[in-house]
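The structure under discussion appears below in the form of structure tokens.
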Amino acid sequence: MPKILIRNARIARPDGSIFEGDLLCQDGVIERIAPQIGSAADETIEADGNLLLPGVIDPQVHFREPGKEYKEDLGSGSRAAVKGGVTSFLEMPNTDPPTTSQAALDDKLRRAAEKCVSNYGFFIGATPDNLDQLNRANPACGIKIFMGASTGSLLVDKAEDLERIFANGSRLIAVHAEDEARIRERRERFKGRGDVAVHSEIRDNECALRATQLALELSKKYRRRLHILHLSTHEEVELLRRDKPAWVTAEVIPNHLLLNVNDYARLGALVQMNPPIRRPEDNASLWAGLRDGAIDFIATDHAPHTLEEKRKPYPQSPAGMPGVETSLPLMLTEMKAGRCTLAEIQKWMCHGPAAAYGIRNKGKILEGWDADLTLVDIEHARPVRNEEMFTKVRWSPFDGRNLAGWPIYTIVGGQVAFDRGKIRDGVHGRPLTFS
Ligand code: DOR
């Protein structure tokens, strides 16, 4: 593997302070950080004083392979990831077929080894009757339970099935927490309404709160490691602030921080997702929850659907938005506006997810740690443009928004994967391991 020298960077330390100097990558790890490194390298990257960050770990994406490769595949999803400074992702099991067995997991790992330019890990999906697979499938970052139905066929909504999964085994359970019974009842109640804004009324805050409460109760009863995916409501933040055992973590998505029901008027079904976008008050509570630790980190829930699909009338329009290539610039732009710090960004997007999933040696720029890095231009803002997106569906709900912090280079395991707008040939990510 080539020796890569990054010269004259503003290197982010884990505490958010800046070290001005050089960084040498060798054999996939950060070999040295020093004011000046003279040693000959195979390649030298002139950082010109730009900001060097640990590669982002995106702990929730949907890359659609196998089954829906016309929307995304593991290759295109991983290319979009590194364009956005994301060097590792954890992918969800609601593919077609779903990832509910060792054989399906092996198939994904095989495909990823061939195609992915970033590092990769996969969830195993829960069904009412695959308990044995859930606890044995390897390597898996955790078990995913859809407590409420979303894209795909996965659903575990019966109390006894949930209880059985929480009671048996010890690995992390990640929940999509929406109450299926309440969703169904409210879908009936709001039947006549065809405007997409009704989506947030059908799957209301109470839907999310009830499921989160149930998952939390089960987790406490069995002391089972629980992760609550895409927290979206004020009420859930309050609940976790009051009562979050040490073995529970929660995440939030930039969409739930930065979009709300007022965006339906302009963007329609483009901003339809599960759980839905909420009120501005929920945006504010989620920010507060992130800052005070009720919420631990950030994921994107990158969930691409084509524009053609999104143009179908509600409720045929599918739920989900792409996000993996915009999350870091979005958050760095928020940082520039004073909403958060560089230390928080690294905690929420790099070493926080690494710690939660037991991913070793990633998420901090330290000598001896993995050389997963992204060099970003924090000074100059550029708008998001649909036509520049690397995701196959080529759109973003943030089209037109001016963002700073776009990656210039992204390095995966000591290999330059993203180089000033282009993906380099011959780069391969590695499977993540979870301890
Ligand atoms: O909006 C969503 N889209 N939420 C999910 O939970 C699934 C995702 C998808 O896969 O499309």
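Note that ligands are numbered from 1 as they come in the structure, with each ligand's atoms numbered from 1 the same way.
Using a 4.5 Å heavy-atom cutoff, the side chains of Arg401 and Pro383 are not in contact. Residues Leu216 and Pro245 are in side-chain contact: their nearest non-hydrogen atoms beyond the backbone lie under 4.5 Å apart.
Atom NZ in Lys244 sits 7.0 Å away from atom OG1 in Thr249 (nearest 0.5 Å).
Within 6.0 Å of atom CZ in Arg430, 12 or fewer heavy atoms from other residues, nucleotides or ligands are found, so the atom counts as exposed in its surroundings.
Under a 4.0 Å N-O distance rule, the pair Glu185/Arg189 qualifies as a salt bridge.
The immediate protein surroundings of ligand 1, defined as residues with any heavy atom under 4.0 Å of it, consist of His62, Arg64, Asn94, Phe146, Ser150, Thr151, His176, Met273, Asn274, Asp301, Ala303, His305, Ala319, Gly320.
Sorted by first then second residue, the salt bridge (charged side-chain N to carboxylate O under 4.0 Å, His left out) pairs that include residues 112-141, not counting sequence neighbours, are Glu65-Lys115, Asp132-Arg136.
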